[in-house]
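One structure is given below, encoded as structure tokens.
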Amino acid sequence: MGEQGEVYISSNPEDAKVVEGFRLEHMNMRDADSGQILWESPADWEGKFFFQELEAHVPREILACKSVSREVRFSSVEKMDDFKLLQKIYFQGSCFEEWFFKFGFVMPNSTNSWQSTIEAAPEMLPAEILSGNVTIESNFFDGERLLAKSLIRVFYE
Amino acid sequence: MGLLTLLRKLKKSEKEFRILVLGLDNAGKTTALKKLADEDITHTMPTQGFNIKSVIHEGFKLNVWDIGGQKTIRPYWRNYFDQTDALVFVIDCSDHRRMDETGVELNQLLDEEKLAGVPLLIFANKQDLMNAMGPDEVTEVLGLTNIRDRAWHIQPCSAKTGEGLQGGMEWLVKNINKS
């Protein structure tokens, strides 16, 4: 089966306070040219992100977009000094792409968002091949400490 | 227009550009950035932290940092000054009562060592409202002509209608390229 990512939540007592107050609130994807939302995380995902693999059912039109914006919204009760996000995209058992962003300082009691716009690869595999075989693992770090991981399996419909 | 178009116009001597967007709460920072990306602005909430928009094109990156403007979180602004290539300061020109407070915050930013020499774009926002001060009046009230240590520009705009936003960002891109 190979690698496909996993969910994780740190059980290190030093991280407990930060982890307890850290929430992934929402994700969405847009057609970056029109600004229109093509997919957003359902309300019942709240509180589940770090505990189970979640299934995103995304309209296949997204594969035809020239550029796509992906947004992640998260909140933190505790302040963080060196917050980072590493997203790994797995397809057919291996990681074929990584997206990294360093946020740095996160205010206490804050809600924050990151939207990243990327142009589509010139040749996209057909939806039938990708659907159900793509997973996105999001790794959240404060400095070198891995706080949590979420995992989303993408279906194109 | 959008941020991707802006990134294409930036000089390619650097790999990564950082634009910092500040201003009092309710100035229209988040709305302006949403409007630039053609997004729906009807459900914009007060920012309780930051909103970042990143665009990537041929290995080059533009990161726009919109930081919340409420009084309680302004002390955290300084955590986001490092490596800033351009500063955008957004003003609610219909809020005459808080124009003094706006001036105090802007002057503090201009005195920041980490932001020294950084080009400054001032969005004179909410020009769609009847009682909004025009750019000349804002320039006078805030004493902007005293700014001599950096390139600056005041751009009348309406984040709600989108008018003026593109013109302002084009000025910014030209002036990042100069510095």
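Keep in mind it's a predicted model, so treat the numbers as computed, not measured. Just so you know, these numbers use all the heavy atoms, side chains as well, and skip hydrogens, waters and symmetry mates. Letters A, B, ... are given to chains in the order of the sequence lines, protein chains preceding strands, and every chain is numbered from 1.
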The single option from A/E137, A/K88, A/Q52 that satisfies side-chain contact (heavy atoms from CB on, under 4.5 Å) with A/L151 is A/E137

Assess whether side-chain hydrogen bond (donor to acceptor under 3.5 Å, both in side chains) is satisfied between B/T30 and B/T44, documenting all intermediate values. CA-CA 7 Å; B/T30 307; B/T44 310; over 6 Å; no

Tell me, side chain or backbone of A/S34 under 4.5 Å from chain B's heavy atoms, or both, or neither? backbone

Heavy-atom distance under 4.5 Å to chain A: side chain of B/N63, backbone, both or neither? side chain

Given the options B/E39, B/K34, B/Q48, which has more heavy-atom pairs under 4.5 Å with chain A than any of the others? B/E39

Once you round to the nearest 0.5 Å, how far does NE2 of A/H26 lie from CD of A/E40? 4.5 Å

I'd like to know if the side chain of B/N125 reaches the main chain of B/A159, judged simply by a donor and an acceptor atom lying under 3.5 Å from each other, with no hydrogens or angles considered. yes

Lys NZ or Arg CZ of A/K84 over A/F103 ring: under 6.0 Å, within 45°: no

Need one label for A/R30: side chain, backbone, both or neither, based on atoms under 4.5 Å from any heavy atom in chain B. side chain

Toward chain B, the part of A/F101 with a non-hydrogen atom under 4.5 Å: side chain

Can you tell which part of A/D81 gets under 4.5 Å to a heavy atom of chain B, answering side chain, backbone, both or neither? neither

Toward chain A, the part of B/L33 with a non-hydrogen atom under 4.5 Å: neither

Scan side-chain atoms only and decide if A/S10 and A/N12 contain a donor-acceptor pair under the 3.5 Å cut-off. no

